2 protein chains.
Amino acid sequence: MSSADTCATRDVYAAMCPCRDLLDLLANKWSALAIGALEDGPRRFGQLRARLEGVSPKVLSQTLRRLEEQGLLTRTPYPEVPPRVEYELTDLGRGAAVPLADLRLWVEANALPG
Amino acid sequence: MSSADTCATRDVYAAMCPCRDLLDLLANKWSALAIGALEDGPRRFGQLRARLEGVSPKVLSQTLRRLEEQGLLTRTPYPEVPPRVEYELTDLGRGAAVPLADLRLWVEANALPG
DNA sequence: CAGTATCCAAAAGGATACTG
DNA sequence: CAGTATCCTTTTGGATACTG
């Protein structure tokens with residue numbers, strides 16, 4: 001399922017297009033929630049963990065690392081005691097946050113009980 | 001990970017909110033692609049399979065059934081030989097298609113090679 | 001044609017305990 | 001505080017063969 005290295009016309013429907021991987025990263029519950037939680041500025045690990053109700057530290061850590069690898073957010077550790085680490089969206093991440101926010105809003109507006 | 005039955009304020013960040021499940025359904029590569037492939041009208045199973053490059057019949061079938069269960073699309077079999085089955089977005093599905101299309105477009109515009 | 005059945009590999013997710 | 005380590009279960013995905 002991974003992508004090729006070259007691809008002239010970007011098409012998420014093409015199996016070998018690199019953008020498939022990006023779609024796979026963003027079209028994910030925890031990624032969508034994490035990016036949304038960073039829309040209003042930098043947040044710490046514990047803050048994100050509290051906001052993304054039900055996420056385990058392992059899964060949150062994995063999610064944030066993948067997003068960082070793809071350039072959607074930055075991770076900044078501060079040399080303090082106790083340690084403080086802040087996550088913040090990059091310009092790329094802020095761009096992705098727009099359609100994801102629309103998706104979250106649509107879901108909240110259209111979900112039915114049960 | 002499943003949702004509760006009652007929830008006054010819809011919040012995708014709340015673990016027990018039903019909309020979590022809807023987000024989980026839509027925030028998925030194959031769901032996002034399938035819904036997009038139906039934007040321009042009804043399509044047959046084989047057409048969808050061809051468009052969603054790399055999807056196996058099993059996974060496509062599962063994806064479509066989940067979307068049908070949640071009321072995002074309809075499945076219509078025609079009593080012909082050879083059999084023909086058409087999938088079509090519901091009003092709800094057409095609503096969901098909007099933010100998903102934005103997401104796909106953003107991904108295609110912002111994915112980098114390799 | 002439109003799937004289902006089967007088998008299997010890999011990834012995601014979850015609980016909990018532990019560490020710098 | 002901010003994770004990692006470990007163990008385990010579930011889900012997802014993929015290949016292929018088969019059926020109404």
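Naming: A, B, ... by sequence-line order, numbering from 1 per chain. Because the structure is a prediction, the values reported are computed rather than measured.
At a threshold of 4.0 angstrom between heavy atoms, the contacts of B:R44 are confined to the sugar-phosphate backbone, with no base atom among them. Using a 4.0 Å heavy-atom cutoff across all strands shown, A:Y78 reaches no nucleic acid atom at all.
The base of C:dG13 sits within donor-acceptor range of the side chain of A:K58, with an N or O pair under 3.5 Å.
For the pair B:R65 CZ and C:dA5 C1', the interatomic distance rounds to 12 Å; values are reported in whole Å. To the nearest angstrom, P of C:dG13 lies 11 Å from CG of A:L33. Atom C1' of nucleotide D:dT16 and atom CZ of B:R49 are separated by 10 Å, given to the nearest angstrom. When rounded to the nearest whole Å, the span between CG of B:L60 and P of D:dG14 equals 12 Å. Rounded to whole angstrom, the span from the CD atom of A:E86 across to the C1' atom of D:dC1 amounts to 13 Å. We find that CG of B:D24 is positioned 13 Å from P of C:dA12, with the value rounded to whole Å. Rounded to an integer number of Å, the gap from CG of A:L67 to C1' of C:dA12 is 15 Å. Remark: P of D:dT11 and CG of B:L25 are 14 Å apart, rounded to the nearest angstrom.
Both B:N28 and A:R75 lie close to DNA chain D; mapped to their nearest nucleotides by heavy-atom distance, the more 5′-ward contact belongs to A:R75.
Side-chain proximity of B:S61 to D:dA2, D:dT12, C:dT4: nearest is C:dT4. Closest contact between the side chain of A:S56 and the listed nucleotides D:dA2, D:dC1, C:dG14 involves C:dG14. Listed nucleotides: D:dC1, D:dG14, C:dC1. Nearest to the side chain of B:P83: C:dC1. The A:P57 side chain lies nearest to D:dT4 when the options are D:dA2, D:dG13, D:dT4. Each of C:dG3, D:dT12, C:dT4 was ranked by its minimum atom distance to the side chain of B:F45; first place goes to C:dG3.
Under a 4.0 Å N-O distance rule, the pair B:E86/B:R84 qualifies as a salt bridge. We find that A:E39 and A:R104 are joined by a salt bridge, their nearest charged nitrogen and carboxylate oxygen being less than 4.0 Å apart.
Remark: D:dT12 base-pairs with C:dA9; criterion is Watson-Crick or G-U wobble with both hydrogen-bond distances under 3.5 Å. If you check C:dT19 for Watson-Crick or wobble pairing at under 3.5 angstrom, you find it paired to D:dA2.
Formation of a donor-acceptor pair under 3.5 Å by the A:T90 side chain with backbone atoms of A:L72 is found in this model. Judged by distance alone, with hydrogens and angles left aside, the side-chain atoms of B:Y87 form no donor-acceptor pair with the main-chain N or O of B:L64 at under 3.5 Å.
Of all the heavy atoms in B:A37 and B:L48, the pair that sits closest is CB-CD2, 3.7 Å.
Here A:I35 contributes atom CD1 and A:L26 contributes atom CG; the two are 5.0 Å apart, rounded to the nearest 0.5 Å.
At least one side-chain nitrogen or oxygen of A:R66 sits closer than 4.0 Å to the OP1 or OP2 atom of C:dA12. The shortest distance between the side-chain N/O atoms of B:W30 and the OP1/OP2 oxygens of D:dT11 is not below 4.0 Å.
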